[in-house]
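Side-chain atoms are counted along with the backbone in the values below, which use heavy atoms only and exclude waters and symmetry mates.
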Amino acid sequence: HMASYLQIPDDEKGYELDVFCVPKHYEEDLDRVIIPHGLIMDRTERLARDIVRDMGTHHIVALCVLKGGYKFFADLLDYIKALNQNSDKSVPLTVDFIRLKSYCNDQSTNSVKVIGGDELSTLTGKDIVETGKTMETLLSLLSEYKPKMVKVVSLLVKRTPRSSGYRPDYIGFEVPDSFLVGYALDYNEYFRDLSHICILTEGAKEKYKV
């Protein structure tokens with residue numbers, strides 16, 4: 001079945017910064033809040049419910065793609081754990097972490113480096129739910145270990161002509177092709193300490209350039 005998601009339209013006005021708490025050091029760098037933190041959490045809670053429903057009692061190896069995925073991954077797992085504790089059926093869960101390096105400034109480079117996840121060999125015959133960006137490379141890597149099934153969950157999917165057409169199995173939000181930061185999405189390592197997802201100003205791209 002097609003993944004359901006919350007669509008943020010291209011002409012979405014978002015919210016003024018001064019109606020939410022935004023770190024003082026970023027006030028000049030952000031255009032608007034596009035997805036407030038509370039909405040991210042509510043949507044993540046629903047994704048957790050859908051995943052638990054679909055997984056049956058299969059063992060899940062949850063593989064987090066660092067660094068951008070860490071916040072979403074932790075929150076998603078918290079919701080899955082809450083469901084495990086409070087319902088009649090639960091899914092066994094183990095976690096692992098991997099790093100994919102593909103972004104330099106705001107150009108998504110085509111080369112993808114995989115760092116870590118030394119124990120990928122343990123994934124064989126288990127199910128994987130994961131968060132992340134440069135998925136096709138990772139999926140082909142994972143397929144060598146012959147997992148029973150691989151499911152991808154991504155908080156954000158961009159509408160962009162640069163897309164390969166790949167769609168994750170679970171999607172939080174479909175967003176405009178703007179440069180988004182916050183909630184662990186960075187720009188050259190900055191903005192991970194921002195709770196909301198916001199649009200970066202053009203000036204900030206210059207300011208934080210490497």
Heavy-atom pair of closest approach, residues [X] and [Y]:
X	Y	result
A48	L76	N-CD1, 3.7 Å
H25	D193	NE2-OD2, 3.1 Å
R53	K89	O-NZ, 3.5 Å
I40	S195	CD1-O, 4.0 Å
L47	I171	CD2-O, 3.7 Å
F73	D96	CZ-O, 4.4 Å

Whether Y208 and Y26 hold their rings parallel, tilted or perpendicular, with breakpoints at 30° and 60°: perpendicular
Mutual orientation of the aromatic rings belonging to Y187 and F179 [parallel < 30°, tilted 30-60°, perpendicular > 60°]: perpendicular
Nearest-0.5 Å distance, CZ of residue F72 to CD1 of residue I197: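 Between F72 CZ and I197 CD1, I get 9.5 Å after rounding to 0.5 Å.
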Approximate separation, where rounding is to 0.5 Å, of D169 CG and I51 CD1: 9.5 Å
Salt-bridge criterion met for R159 and D177 (N-O under 4.0 Å): no
Residues E202, K207: salt bridge by 4.0 Å N-O rule: no
D29 (side chain) donor-acceptor with A204 (main chain) under 3.5 angstrom: no
Backbone N/O of L200 and side chain of K205: donor-acceptor pair under 3.5 Å: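 Such a contact is absent between K205 side chain and L200 backbone.
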Listed partners of K24 passing salt bridge (charged side-chain N to carboxylate O under 4.0 Å, His left out), at least two apart: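 Partners of K24 under the salt bridge (charged side-chain N to carboxylate O under 4.0 Å, His left out) test: E27.
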Counterpart residues, salt bridge (charged side-chain N to carboxylate O under 4.0 Å, His left out), relative to R46 (two or more places apart): D50
Lys NZ or Arg CZ of R43 over Y5 ring: under 6.0 Å, within 45°: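 R43 over Y5 ring: no.
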Close side-chain approach of L194 and P23, heavy atoms under 4.5 Å: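 Answer yes - side chains close enough.
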